[in-house]
Number of protein chains: 2
Amino acid sequence: MSNSIRDRILDATVEQLRRHGPAKTGVVDVARALDMSHSNVYKHFASKSALFDAVAERWLVQVMAPLTKITADKKTPAPKRLKAWVRTLAEVKRKKVLDDPEMFAVYGSVTADAHEVVARHIARLIDEVSEILRDGVKAGDWSLKSIDGAAKMILNASSRFHHPAMVQLDGGGSDLKELESLTDVIVAGLQVRG
Amino acid sequence: MSNSIRDRILDATVEQLRRHGPAKTGVVDVARALDMSHSNVYKHFASKSALFDAVAERWLVQVMAPLTKITADKKTPAPKRLKAWVRTLAEVKRKKVLDDPEMFAVYGSVTADAHEVVARHIARLIDEVSEILRDGVKAGDWSLKSIDGAAKMILNASSRFHHPAMVQLDGGGSDLKELESLTDVIVAGLQVRG
DNA sequence: GAAGTAACAATAGTCAATATCTGTTACTTG
DNA sequence: CAAGTAACAGATATTGACTATTGTTACTTC
């Protein structure tokens, strides 16, 4: 059931967040929007930050969707898939910060404190990159000593273009051509050695 | 003359900054420390932010010193020099954020607003990397279509480990081994193609 | 004329009283 | 028993009067 009370609270929270920004939305406001007392919200979420974390997590799942699609597209060669995956990650973040700055601020405020939600998200990102890399190894594109290490390295190298703190700094105005040349060199470097 | 009134004001500003942090140092405090009226400080610096910018710039020049040394060390091969240069950049930033958090906060507040000072600093960084790359091209280590583009790419890729916003986020606790493997792959990638 | 000052308007910061919000508990209601 | 509430203490914001700071100007002083 998609319209559980939990989901309705989350929807209302997103609504408030979008309208008034993260600084000015409290659990009282969310409760008022749903015509209930704020104490009832606490029946479903342990705390305000737990509520916000849940919003951020749901948002992150949406962000992941197009990436997962690329990862699963086994018929295109791994190097090309890797480039597309990284480009899409950067594009998605950039799009979000431009289209929906309020929500991006929430995401930013969640990532600022090194939360468990973010750790899980990063773990998922590493997993996806690892899967593409593994496919590349099987197909003979690369021979890596550490898949996991290489995946982390790729995310580190491209973070300039997808880390929220960076995307926010240059207001989504980073040059994706520069990311393109970066991933080209990395893919080339991987093909040569581990 | 190193003890011009301008320098003495800058020294006093650094002193105040270090003692009381950037939020609580005003030009009146600086003036008081020098036994002069605050209006006289304005004879030498157009505004408080101009004063702080000058402090940040002087600090950035100090940061650059060990890098410039590496760049000038023409007898070691370019690839090795490039790796050492990037590692040193990250180390220097990491050291500063750990040893001197007050000053790092000043630097951070300066970099936050996209200031001219930072633009100049980045331009200098690009110049240094470009010089090493050019040496590598001459020695036959690489053949690059765009030296400048490659330099920017290298700084982008390593920004995770030296950009103030990132260094501050993980409190200088980033793993320099990961940077090592990153530069290895990039250098390998450059050797293969442009 | 380079270094300095006093006096000033406008802005930004402080501080304490007040109001609002967070999170808990004990208690309905269908 | 899942969904809901009222009443509450403690932490957090907001407000408004007050104070300090920023930056300018007109005026010394050596």
Side-chain angles (χ1 to χ4, degrees), chain A residues 1-58 102-103 105-106 108-110 112-113 115-117, chain B residues 1-58 102-103 105-106 108-110 112-113 115-117:
Chain A
M1 52 190 70
S2 92
N3 266 37
S4 72
I5 181 65
R6 214 170 170 277
D7 280 334
R8 278 176 48 232
I9 294 174
L10 283 177
D11 290 342
T13 308
V14 170
E15 175 76 7
Q16 295 292 314
L17 247 13
R18 207 158 259 154
R19 272 224 227 293
H20 310 111
K24 294 191 176 174
T25 59
V27 334
V28 275
D29 303 306
V30 173
R32 196 167 23 234
L34 290 163
D35 270 313
M36 58 171 65
S37 77
H38 76 280
S39 31
N40 192 41
V41 174
Y42 281 93
K43 279 262 143 49
H44 302 279
F45 294 92
S47 66
K48 185 192 178 182
S49 57
L51 175 59
F52 279 29
D53 283 6
V55 169
E57 183 137 45
R58 217 171 56 158
E102 312 291 335
M103 275 313 290
V106 179
S109 78
V110 168
D113 335 302
H115 264 312
E116 211 209 320
V117 180
Chain B
M1 51 193 70
S2 92
N3 265 38
S4 72
I5 181 65
R6 214 170 170 275
D7 280 334
R8 278 177 46 232
I9 292 174
L10 283 177
D11 289 342
T13 308
V14 170
E15 175 76 7
Q16 294 292 313
L17 248 13
R18 204 157 263 153
R19 272 227 226 291
H20 310 110
K24 294 191 177 175
T25 58
V27 333
V28 276
D29 304 307
V30 173
R32 198 168 21 238
L34 290 164
D35 269 312
M36 57 170 69
S37 77
H38 77 279
S39 27
N40 192 39
V41 174
Y42 281 95
K43 279 264 144 46
H44 302 278
F45 294 93
S47 67
K48 186 192 179 180
S49 57
L51 175 61
F52 279 28
D53 283 7
V55 169
E57 183 137 45
R58 217 170 58 157
E102 312 290 336
M103 276 313 292
V106 179
S109 76
V110 168
D113 336 304
H115 264 311
E116 212 209 320
V117 180

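Just so we're clear, the structure is a prediction, and the values are computed from it rather than from any experiment. Proteins come first, then strands; the chains are lettered A, B, ... in the order of their sequence lines, and each starts at number 1.
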Write down the distance between [atom1] ([X]) and [atom2] ([N]), rounded to a whole number of angstrom.
X	N	atom1	atom2	answer
A:H38	D:dA11	NE2	P	16 Å
A:M36	D:dA2	CE	C1'	12 Å
B:F52	D:dT21	CZ	P	13 Å
B:L34	C:dA3	CG	C1'	13 Å
B:D7	C:dA3	CG	C1'	16 Å
A:Y42	D:dA7	OH	P	19 Å
A:R6	D:dA2	CZ	P	14 Å
A:R8	D:dA2	CZ	P	17 Å

Can you check nucleotides 10-21 of chain C for protein contacts, nitrogen or oxygen pairs under 3.5 Å, and list what you find?
none

So, taking the atom named [atom1] in [X] and the one named [atom2] in [Y], what distance separates them when rounded to the nearest 0.5 Å?
X	Y	atom1	atom2	answer
B:E15	B:R8	CD	CZ	13.5 Å
B:M36	B:I9	CE	CD1	5.0 Å
A:L34	A:T13	CG	OG1	7.5 Å
A:H44	A:I5	NE2	CD1	5.0 Å

Task: Counterpart residues, salt bridge (charged side-chain N to carboxylate O under 4.0 Å, His left out), relative to B:D29 (two or more places apart) - done: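 Here the qualifying residues are B:R32.
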- [ ] Show your working on side-chain contact (heavy atoms from CB on, under 4.5 Å) between A:R58 and A:D11 and close with a plain yes or no.
- [x] CA-CA 10 Å; A:R58 217 171 56 158; A:D11 290 342; 3.0 Å; yes
TODO: Might you point out which heavy atoms bring A:F45 and A:A54 nearest each other, and give the distance in Å?
DONE: CE2-CB, 3.8 Å
Open item on the list: Can you identify which nucleotide, out of D:dA3, D:dA6, C:dG23, has its nearest atom closest to the A:I5 side chain?
Closed with: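 Within the option list, the nearest is D:dA3.
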- [ ] Produce a footprint string for nucleotides 25-30 of chain C: one letter per nucleotide, 5' end first; B if the base is under 4.0 Å from any protein heavy atom, S if only the sugar-phosphate is, - if neither.
- [x] -B----
Open item on the list: Assess the residue pair B:V14 and B:R18 against the criterion (side-chain contact (heavy atoms from CB on, under 4.5 Å)); give the C-alpha distance rounded to whole Å, side-chain angles, the decisive distance to 0.1 Å, and a yes or no.
Closed with: CA-CA 6 Å; B:V14 170; B:R18 204 157 263 153; 3.7 Å; yes
Open item on the list: Heavy atoms only, 4.0 Å cut-off, all strands: where does A:H44 land among base, sugar-phosphate and nothing?
Closed with: sugar-phosphate
Task: Greater than 12 external heavy atoms within 6.0 Å of B:R19's CZ - done: no
